[in-house]
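Following: one structure in structure tokens, then a few remarks.
A quick note: this is a predicted structure, and the numbers were derived from the prediction, not measured.
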Amino acid sequence: MIGVPIDRSRSALACLFVIGVTALVPARQQPQASKIVAIRGATVIPVTGAPPIPNATIVIRDDRIAAIGPAAVTDLPDAAHVIEAAGQFVVPGFIEMHAHLSKLRGSAMGLFVANGVTTLRDMGGDHEELLQWRREIRDGRRLGPRMLIAGPYLESARNLERMRKDPPEARVEPFERLRIPIGSPEEAARVVQRLAATELDFLKIRTVQDRDTYLAINRAAAEHGLKLVGHVTGIPPDVVLEAGQDCVDHPFYPSVDGTRDERLETWRRFARKGVPIVPTLITLEASLTPSDRLRAIVEDEEGRIEPRRRYLSLFTIRDWREQAVEASDERRAALMKLREVVLRDLREMHEAGMDILAGSDAAVINIYPGWSLHDEMALFVKEIGMTAAEALERGTWRSARFLGLGDSIGTIERGKIADLVILDADPLADIANTRKIAAVVLRGVVYDRPAIARILSDVSAAPDRRKDDWGRSASRGASAEGSSRPAAPRRGSSAGRSGFRDAPSPRP
């Protein structure tokens, strides 16, 4: 099953391993798991600051870690179902800090789980739909990671007005379901008050009308005890600090002026205030793909060019087609220049002690649910200069701490929720080894290699792969991948500029 055969002599209960599902299933079909599971013989990387524990045993009771320690001194309960994992490595479940599930559709949740993502921060989507999916996950009726949600994007009224200039039939995204316009400080207070009364975990800001409205959104969020996160395009770092925004998503643009020492002091101020950045560096890297290749990937239904593409929903592909139209050699050249400054800033942020957390912006063209989070952690090592251990921290406990979940997830410790990933190779030797997944433990339930393969098979066969169940074409009954292809960029494109000054902005 995992490395070497499972010791079945200690299994007094039903079969542990499960068949992953990505859609709602009747209760009688729910995966069954042993109440007590033991992972024996692996090297445990707890990500607590303590060294790895070689030849360790982890005992899981229900959904919690009941014991952890060297195998020689850690007792196995008689009823435990034992997983022999000698030569393998156990790390905490990964945390995706920036994704858009509504744009990916429900089937994509299985892709995150298959890639070891056990917690996900949704950064803007169809609020009611996200709530429904989260409840189904909590009730055990849908396979998916733990979800923290922002609900709708907060947008400038000016940006929404531009998006409305195109006729509805020319758009793919039903933006009215996930974007709320705010055009003044007074409107900011009213909108935040209304959202604070709903079920959400934080507020996501994307574009802002002006400085006063930006400050008002921050004040209102603080008054209601809600974290405000999101874009800072065109907003100077000093204003972000003054306003009190809790997290920065995507790089600063324009960058900070001044000398290297002055920039370092700016990032130290962010570090002292505990404001992290989720740079979604992989999104910038993916944007540097030549436009002809991007278009070829989008139209490659069988995934011959990019195998991960064949698991994406029809809505995602239609949205990507719009993004592919917007790609150009000129835009790529501009992003190449921007990349140099972004990498400089991120290296200096890391040097200054500012937290850099791992998120992929899954839903953007050429970004793949689950897989691209591993690409992001690899870029932290390759481009920012982190060690593999530092990158692993950013994809686990540091993100858990920011989310307020550090007491229950993010590290491997007794009493914490059993969200774990079993790897075939040491991620501390090479961060790319986080991709070598032998099994995923999600809230105490183990998904081994065959179960992960079934998850991927289920995703491939999911209805939303072949029918757009959310976008504007859904109401027209369109179901073929070849339909609804825009011929030219639209005036109302959601890639519109934002902030106090016009600047490139990640599309979702």
Side-chain angles (χ1 to χ4, degrees), residues 1-21 27 29-48 50 52-86 88-95 113 116-119 137-146 396-397 400 403 405-423 437-452:
M1 285 286 199
I2 301 179
V4 297
I6 297 171
D7 178 359
R8 300 184 186 278
S9 64
R10 290 183 177 269
S11 180
L13 301 174
C15 176
L16 162 70
F17 294 110
V18 300
I19 298 176
V21 291
Q29 295 181 15
Q30 286 301 296
Q32 297 298 311
S34 299
K35 296 295 185 182
I36 304 175
V37 177
I39 303 170
R40 181 168 64 185
T43 296
V44 173
I45 303 173
V47 197
T48 59
I53 307 170
N55 190 23
T57 291
I58 302 174
V59 178
I60 301 168
R61 189 182 298 272
D62 296 324
D63 65 344
R64 297 277 172 170
I65 298 172
I68 178 174
V73 297
T74 304
D75 292 334
L76 290 177
D78 291 338
H81 188 106
V82 179
I83 302 170
E84 297 290 1
Q88 296 176 314
F89 299 80
V90 184
V91 297
F94 302 117
I95 300 175
V113 173
V117 176
T118 55
T119 299
I137 291 170
R138 288 174 175 173
D139 294 344
R141 294 182 291 129
R142 180 184 289 273
L143 176 68
R146 176 182 300 98
T396 55
W397 83 264
L403 295 174
L405 299 175
D407 291 339
S408 57
I409 63 170
T411 60
I412 303 178
E413 298 179 84
R414 182 180 177 185
K416 288 199 169 182
I417 294 171
D419 285 349
L420 308 168
V421 184
I422 302 176
L423 303 172
I437 295 174
V440 178
V441 184
L442 178 63
R443 297 183 289 276
V445 178
V446 181
Y447 296 81
D448 67 350
R449 263 187 264 264
I452 290 172

Should we count CG of Asp407 as having more than 12 external heavy atoms under 6.0 Å?
-> no
From the list Ile137, Ile95, Ile409, side chain to side chain contact (heavy atoms under 4.5 Å, CB included) with Arg146 holds only for Ile409
The reported gap from OG1 in Thr411 to CG in Asp419 (rounded to nearest 0.5 angstrom) is 11.0 Å
Do side-chain atoms of Arg64 reach the backbone of Lys416 as a donor and acceptor pair under 3.5 angstrom?
-> no
Applying side chain to side chain contact (heavy atoms under 4.5 Å, CB included) to Thr43 and not counting sequence neighbours gives Pro52, Pro54, Phe89
Evaluate the side-chain contact (heavy atoms from CB on, under 4.5 Å) criterion for residues Ile45 and Leu423: first the C-alpha distance (whole Å), next the side-chain angles of each, then the deciding distance (0.1 Å), finally the verdict.
-> CA-CA 11 Å; Ile45 303 173; Leu423 303 172; over 6 Å; no
Does Pro145 reach the side chain of Val113, with side-chain heavy atoms less than 4.5 Å apart?
-> yes
Validation row: His81, Ile36 side chains within 4.5 angstrom (heavy atoms) = no
Check step by step if side-chain contact (heavy atoms from CB on, under 4.5 Å) holds for Ile58 and Val90.
-> CA-CA 9 Å; Ile58 302 174; Val90 184; 3.9 Å; yes
Please name the pair of heavy atoms, one in Ala67 and one in Arg414, separated by the smallest distance, quoted to 0.1 Å.
-> N-CG, 4.5 Å
Taking every heavy atom of Ala85 against every heavy atom of Ile39, the minimum-distance pair comes out as CB-CG2, 4.0 Å
Matching residue for Val441 among Asp448, Val446, Ile65 - test: side chain to side chain contact (heavy atoms under 4.5 Å, CB included) | Val446
Reported CH2-to-CG distance for the pair Trp397 and Leu403, which is rounded to 0.5 angstrom | 13.0 Å
Grab the two heavy atoms, one from Pro46 and one from Pro92, that are nearest each other, plus how far apart they are.
-> O-CG, 4.1 Å
Please name the pair of heavy atoms, one in Asp75 and one in Pro77, separated by the smallest distance, quoted to 0.1 Å.
-> O-CD, 3.7 Å
OG1 on Thr118 to CG on Leu442, rounded to 0.5 Å = 6.5 Å
Minimum-distance pair of heavy atoms, taken over all atoms of Val44 and Ala56 = CG2-CB, 3.6 Å
Give, for atom CD1 of Ile53 and atom CD1 of Ile68, the distance between the pair rounded to the nearest 0.5 Å.
-> 4.5 Å
side-chain contact (heavy atoms from CB on, under 4.5 Å) between Asp62 and Lys35: does it pass, once the steps are laid out?
-> CA-CA 5 Å; Asp62 296 324; Lys35 296 295 185 182; 3.3 Å; yes
So how far is it from Ile412 CD1 to Ile417 CD1, rounded to the nearest 0.5 Å?
-> 13.5 Å
By side-chain hydrogen bond (donor to acceptor under 3.5 Å, both in side chains) - contacts of Arg443 (at least two apart) = none
